[in-house]
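Residue numbers begin at 1 in each chain, while the letters A, B, ... track the order of the sequences.
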Amino acid sequence: MIDLRLLRDDPDAVRASQRTRGESESAVDDLLRANEARRAAVQRFEALRAEQKQLGKRMPKAAPEERATLLARTKELAAEVKAAEAGVTAAEQEQRQAHLAIPNVVEPGVPAGGEDDYVVLREIGERPSLPTVRDHIELGEGIGAFDLERGAKVSGSRFYYLTGVGALLQLGLLQLAIAQALEHGLTPVIPPVLVKPESMEGTGFLGAHAAEVYRLEADDLYLVGTSEVPLAAYHAHEILADLTEPIRYAGWSSCFRREAGSYGKDVRGIIRVHQFDKVEMFSYCRPEQAAEEHLRLLGWEEEMLAKVEIPYRVIDVAAGDLGSSAARKYDCEAWLPSQQRFLELTSTSNCTTFQARRLNVRYRDEEGRTRPAATLNGTLATTRWLVPMLENHQQPDGSVRVPKALQPYLGGRDVLEPVRR
RNA sequence: GGAGACUUCGCCUAGUCUGGUCUAUGGCGCCGCACUGCUAAUGCGGUUGGGGUUUUACCGCCCCUCCCGGGUUCGAAUCCCGGAGUCUCCGCCA
């Protein structure tokens, strides 16, 4: 939810943001109107309620005949107050609707436009020159890293088993991520992956992405698509006592996505799957520190990418492709030799105070006032990373080189050789 | 799954039976001031959160907030109904 004070003080700033995103400007006026209506309703109610309380106070010490007149008026008032209160509730609901319809105000400098209007900030590392290119499926099955057929047999399409070196690669990668997170002072967290509707809603995943989410109807719980959800809801309805330094977590969890509407896209292999594992960074900080913190998270993502020795580029995602919560988003995309294209490996979002306002996460500033915190998130490692790792480190005989940083997790091996199945 | 107890302004707690004087008690903690040459101790004062109004700079005034949502009533922390959470016991499964 955007800041209503900003909306009232500078509605043009919000309109400009909507334009950059390619979204409706009239939504801004809808919210302004709804806010005004709400305030009017509140004033009506409060005036009546004040009178009711005044008269009620006189009741116990009123003389018998005075009491009769009082009673007549207060009875009347009781009905009016009740009606006015209903008016407030209705106006609040209407404002909330209008409020939720407006995505976060984009950060200055975000490229305008849609999915294809990103700006490439830099490209790091050398694309490998390969005489013969095998894709990750051929390589992974060759070295016995995963079993797609049995994944499909047991659970359906877009499921897989990680086996042998594949399981070790993933565990090593995630542990490497946790080790790095610890180095930088983040608190490692293994969160619940089933959450209540309000937690899912608070993080904004039941809006445009509702169809992406698995729901357990019998228990009214949702499977999270990222540990961002339980990490963001972790401090919901809290006032953080000290936020002079950002509070940072590194969540390790399985993630579940329905991938509805992605039929035919990356159907083979482990690029786009229903279940994967991820280490996700999550940061709470003061709003004025958020942009700086965002670059810090991006830096930590790049540090991880360097450790696994993958060529990648960094893009500044265009406004129309940000999602509702983010004010700015940087993606790191790995080079994929088999497809001669880039594949998203990490994504870091600065949600400013938008998400915290929904989840009611606040902090106390120097003057003792409570203010909404800023929240940010960013990817440190996922199952998907195995794809460019296999492809970029492949050798002509179908074996795969192990980056130095991961070798300890694979029993010291520096090459994974093809195995007979 | 069944039964019961509980949920009060950071923490603990009084108040609920017997509705109005609850504008919610006390302690701890925290903040400020005073005092003693420092510390400690003591004394005094302050300390839930949200919203409205004055276009929040401040002060003030008002409304809401005693787990949440309804209801009864002129009036609800207090009575009634529903829900959530915590704990205890029983059952079941590990």
### Message
Counting only Watson-Crick pairs (N1-N3 plus N6-O4 or O6-N4) and G-U wobbles (N1-O2, O6-N3), all under 3.5 Å, who is the partner of C22(B)?
### Response
none

### Query
Within the pair Arg39(A) and U53(B), is there a side-chain N or O less than 4.0 Å away from OP1 or OP2?
yes

### Task
For the residue pair Lys278(A) and Thr383(A), confirm or rule out a side-chain donor-acceptor distance under 3.5 Å.
no

### Task
Kindly assign one of parallel, tilted or perpendicular to the pair Phe159(A) and His274(A), based on the angle between their ring planes and the thresholds 30° and 60°.
tilted

### Query
When rounded to the nearest 0.5 angstrom, what is the spacing between CZ in Phe282(A) and OG1 in Thr187(A)?
13.5 Å

### Query
Taking a pair as Watson-Crick or G-U wobble with both distances under 3.5 Å, which nucleotide is matched to G85(B)?
C6(B)

### Task
Could you verify whether a donor N or O on one side chain and an acceptor N or O on the other, from Asp414(A) and Gln407(A), lie under 3.5 Å apart?
no

### Query
With a 3.5 Å cut-off and no angle check, do the side chains of Arg49(A) and Gln52(A) form a donor-acceptor pair?
yes

### Message
With a 3.5 Å limit on both atom pairs, tell me what C61(B) is paired to, counting Watson-Crick and G-U wobble, or say none.
### Response
G52(B)

### Task
Could you work out which one of G49(B), C74(B), G52(B) sits closest to the side chain of Leu71(A)?
C74(B)

### Message
Work out how far the C1' atom of U72(B) is from that of C80(B), and round it to whole angstrom.
### Response
7 Å

### Message
Among G52(B), C63(B), G49(B), which nucleotide has an atom closest to any side-chain atom of Ile239(A)?
### Response
G49(B)

### Message
Could you tell me how far U21(B) sits from U16(B) if I compare only their P atoms? Round to whole Å.
### Response
14 Å

### Separation of atom CG in Leu359(A) from atom P in G50(B), rounded to whole Å
16 Å

### Whole-Å distance separating the CD atom of Glu85(A) from the C1' atom of G70(B)
11 Å

### Message
With a 3.5 Å limit on both atom pairs, tell me what A34(B) is paired to, counting Watson-Crick and G-U wobble, or say none.
### Response
U42(B)

### Query
Which whole number of Å gives the distance between the C1' atom of G45(B) and that of G49(B)?
22 Å

### Query
Within the structure, does a side-chain N or O atom of Gln43(A) lie under 4.0 Å from either OP1 or OP2 of U53(B)?
yes

## Note on the structure
note: Leu221(A), atom CG; G85(B), atom P; distance rounded to Å ~ 10 Å

### Query
Using atom P of each nucleotide, how far apart are U73(B) and C67(B) to the nearest Å?
23 Å

#### Entry: Pairing partner (Watson-Crick or G-U wobble, both distances under 3.5 angstrom) of G29(B)
U47(B)

### Task
For nucleotides A57(B) and C38(B), find the distance between their P atoms and express it as a whole number of Å.
41 Å

### Summary
Quick note, Val42(A) side chain, CB onward, closest among G52(B), C74(B), C62(B) is G52(B)

### Message
So for Gln52(A) and G75(B), does any side-chain atom that can act as donor or acceptor lie under 3.5 Å from a complementary atom in the base?
### Response
no

### Nucleotide U73(B), atom C1' - distance to CG of Leu77(A) in whole Å
14 Å

### Message
From the set U72(B), C74(B), C64(B), return the single nucleotide nearest to any side-chain atom of Thr74(A).
### Response
C74(B)

### Message
I need the CZ-P distance between Arg44(A) and C64(B), as an integer number of Å.
### Response
17 Å

### Message
If you only use heavy atoms from C-beta on, which nucleotide in C63(B), C74(B), U23(B) is closest to the side chain of Lys53(A)?
### Response
C63(B)

### Query
Does a side-chain N-to-carboxylate-O contact under 4.0 Å join Arg96(A) and Glu92(A)?
no

#### Entry: side-chain N/O Arg362(A) vs G50(B) OP1/OP2, d < 4.0 Å
yes

### Task
Taking only Lys NZ, Arg NE, NH1 and NH2, and the carboxylate oxygens of Asp or Glu, determine whether Glu292(A) and Arg296(A) approach each other closer than 4.0 Å.
yes

### Query
Over how many whole Å does the gap from Glu46(A) atom CD to U53(B) atom P extend?
9 Å

### Query
Taking atom C1' of G19(B) as reference, at what distance in whole Å does atom NZ of Lys57(A) sit?
16 Å

### Query
Within this structure, what is the CG-to-P distance between Leu55(A) and U73(B), rounded to whole angstrom?
19 Å

### Message
Need one value for Lys196(A): base, sugar-phosphate or nothing, where a base atom within 4.0 Å counts as base even if backbone is also close, heavy atoms only.
### Response
nothing

### Summary
Walking RNA chain B from its 5' end, the first of Asp9(A) and Arg38(A) to be reached, judged by nearest nucleotide, is Arg38(A)

### Query
So which nucleotide from G71(B), G52(B), C74(B) ends up closest to the side chain of Lys82(A)?
G71(B)

### Query
Taking the same atom, C1', in G91(B) and in U8(B), what whole-Å distance lies between them?
35 Å

### Message
If you compare every side-chain N and O of Arg364(A) against the phosphate oxygens of U47(B) (OP1, OP2), does one of them come in below 4.0 Å?
### Response
no

